[in-house]
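Below you'll find the structure, written out as structure tokens, and then a few comments.
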Amino acid sequence: MSPDHPPGLDLDRLRGLLDRERPGLVTGPLSGRLIEGGRSNLTYAVSDGTARWVVRRPPLGHVLATAHDMKREHRVISALHPTDVPVPRPVLLCEDEDVLGSPFYVMEFVEGTPYRTAEQLAPLGPERTRAAVLNLVDTLVGLHAVDPAEAGLGDFGRPDGFLDRQLRRWAKQLDASRNRDLAGIDELHATLGRELPNSPSPTVVHGDYRLDNVLIGGENDEIRAVLDWEMSTLGDPLTDLGLLVMYSSPLGMPDSPVSTTAQAPGHPAPAELIERYAARSGRDVSAVAWYTAFAWFKLAVILEGIHYRYTLGQTVGRGFDRIGDLVPVFIEHGLTTLQEG
């Protein structure tokens, strides 16, 4: 297909849907392009020559149960848009698979940069980089301060037994994509299960919170939008903190297809992010090592699922050929984090 008609995006059918459901929204022929960087759901920028929108849909091939839930992702941004949490304005949810071959949703296009690498951050300089990452922590504190019931998300998840259920869920996801031996991953899962911490009061959790899942822009490098809510739910807020700590731990792999922003000059150390979150949220973070190890495990499973789709030829974009090599690295970091406490 041409660059303006990327795989998984039928622009004629999309235009027909928008004309029916949002008359007058589109004023010219649509063009679209795949936004590079996503490793799971597919994200497209669509334009009619005057306005721009974003379309989110599941991957083209292997889809695991409970993953890639467009209705869920659309619901949470719709609920959070009126709050202080910066999210794009939702436009339309389509559950009719006859349009694009799967459910999808449309949201506004927000100007900003998702910083994925240390090289991309470098032009900001150490001070601006440090401020941007600390703002990332503050935005997370703001998300966790939202009252789920007041936002209409009181039934968005089942907080009781959240951590145990998360461990079982990701073990199931691993089994669904398991087609090679992965040394240590079963040990990591079992150890996490034996050492479950007691969760604080539940909040809305993002589930994949990191620097390259937000858009940063403006003179003050503010966070203009938090993106990629596919894993959001009601649960233990410290799972978001553990993930942020994990992504703030340099892998020492500059050519990694996974975010390398932690290696940028000025990026705060994980300990500073933990202290800032604790001070601003008032939560006990003494068990953060468990949450960080869980993040390493979760990402190992996600990456293995992406690697599995790559082996089946069911991925779109660049960098997928290197994903499989990262999985053992994440497993080892998870085991080390638990051992060191």
Side-chain angles (χ1 to χ4, degrees), residues 35-39 43 45 54 77 80-81 83-89 107-146 203-232 237-281 283 285 288 291-292 295 299:
I35 298 177
E36 296 283 355
R39 303 296 177 189
T43 306
V54 169
I77 66 169
L80 292 175
H81 188 255
T83 74
D84 291 334
V85 180
V87 294
R89 178 179 57 85
M107 59 184 171
E108 71 172 336
F109 184 96
V110 178
E111 289 282 359
T113 302
Y115 290 99
R116 296 188 174 94
T117 68
E119 290 74 20
Q120 289 175 330
L121 274 175
L124 295 185
E127 291 186 6
R128 288 175 62 191
T129 292
R130 171 180 165 78
V133 177
L134 293 180
N135 195 19
L136 188 67
V137 177
D138 296 345
T139 300
L140 183 62
V141 172
L143 169 64
H144 293 165
V146 171
T203 69
V204 177
V205 297
H206 181 276
D208 196 16
Y209 195 77
R210 61 184 195 264
L211 195 60
D212 59 325
N213 269 344
V214 304
L215 296 176
I216 294 176
E219 293 182 0
N220 298 318
D221 300 319
E222 68 265 19
I223 293 179
R224 290 184 162 178
V226 181
L227 308 175
D228 292 3
W229 292 88
E230 63 184 283
M231 296 181 187
S232 58
L238 298 182
T239 54
D240 277 342
L241 178 62
L243 195 75
L244 186 56
V245 170
M246 185 211 74
Y247 275 112
S248 300
S249 305
L251 283 175
M253 302 171 65
D255 62 342
S256 168
V258 175
S259 174
T260 60
T261 53
Q263 296 160 208
H267 193 293
E272 184 175 0
L273 303 185
I274 295 167
E275 291 171 3
R276 189 178 183 94
Y277 179 88
R280 300 206 168 199
S281 70
R283 291 188 178 87
V285 298
V288 70
Y291 292 95
T292 306
L299 261 292

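Positions are given from 1, in the same order as the sequence printed here. From a predicted model like this one, the values you see are computed outputs, not experimental measurements.
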Within a strict 4.5 Å, meaning less than it, do heavy atoms of the [X] and [Y] side chains meet?
X	Y	answer
Thr203	Val146	no
Val204	His144	no
Val214	Thr139	no
Pro88	Val54	no
Leu121	Leu124	yes
Leu136	Ile223	yes
Thr260	Glu119	yes

**Item:** Residues Arg130, Glu272; criterion salt bridge (Lys or Arg N to Asp or Glu O under 4.0 Å); working and verdict
**Value:** CA-CA 11 Å; Arg130 171 180 165 78; Glu272 184 175 0; 2.6 Å; yes
Please round to the nearest 0.5 Å and tell me the distance separating atom [atom1] of [X] and atom [atom2] of [Y].
X	Y	atom1	atom2	value
Arg276	Leu241	CZ	CG	13.0 Å
Ser248	Gln263	OG	CD	11.5 Å
Leu140	Leu243	CG	CG	9.5 Å
Glu275	Arg280	CD	CZ	13.0 Å

**Prompt:** What residues form a side-chain contact (heavy atoms from CB on, under 4.5 Å) with Ala132, not counting sequence neighbours?
**Reply:**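 side-chain contact (heavy atoms from CB on, under 4.5 Å) list for Ala132, sorted by chain: Ile216.
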Can you name the nearest heavy-atom pair linking [X] to [Y], along with the distance?
X	Y	result
Gly266	Thr129	C-CG2, 4.1 Å
Asp240	Gly207	OD1-N, 2.9 Å
Pro268	Leu134	CG-CD2, 4.0 Å
Met107	Ile77	SD-CD1, 4.1 Å
Pro270	Ser249	CG-OG, 3.9 Å

**Request:** For Glu111, check side chain to side chain donor-acceptor pair (under 3.5 Å) against everything at least two apart and list the hits.
**Result:**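 For Glu111, the residues satisfying side chain to side chain donor-acceptor pair (under 3.5 Å) (neighbours in sequence not counted) are Arg52.
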**Message:** If the condition is ring-ring contact (aromatic ring centres under 6.0 Å, His included), which residues does His206 pass it with, not counting sequence neighbours?
**Reply:**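 Residues passing ring-ring contact (aromatic ring centres under 6.0 Å, His included) with His206: Tyr209, Trp229.
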**Message:** I'd like to know if the side chain of Asn213 reaches the main chain of Asp208, judged simply by a donor and an acceptor atom lying under 3.5 Å from each other, with no hydrogens or angles considered.
**Reply:**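 Answer holds: yes.
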**Asked** Would a distance-only check, ignoring hydrogens and angles, find a side-chain to backbone donor-acceptor pair under 3.5 Å from Thr113 to Tyr115?
**Response**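 No; judged by distance alone, with no hydrogens or angles, the pair does not exist.
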**Request:** Just do the side chain to side chain contact (heavy atoms under 4.5 Å, CB included) check on Asp212 and Thr261 with the steps written out, would you?
**Result:** CA-CA 8 Å; Asp212 59 325; Thr261 53; 5.7 Å; no
**Message:** Among Leu244, Val285, Val245, exactly one meets side chain to side chain contact (heavy atoms under 4.5 Å, CB included) together with Tyr277. Which residue is that?
**Reply:**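 Of all the options given, the one that passes is Val285.
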**Request:** Given side chain to side chain contact (heavy atoms under 4.5 Å, CB included), test Leu143 with Val226 step by step and report yes or no.
**Result:** CA-CA 10 Å; Leu143 169 64; Val226 181; over 6 Å; no
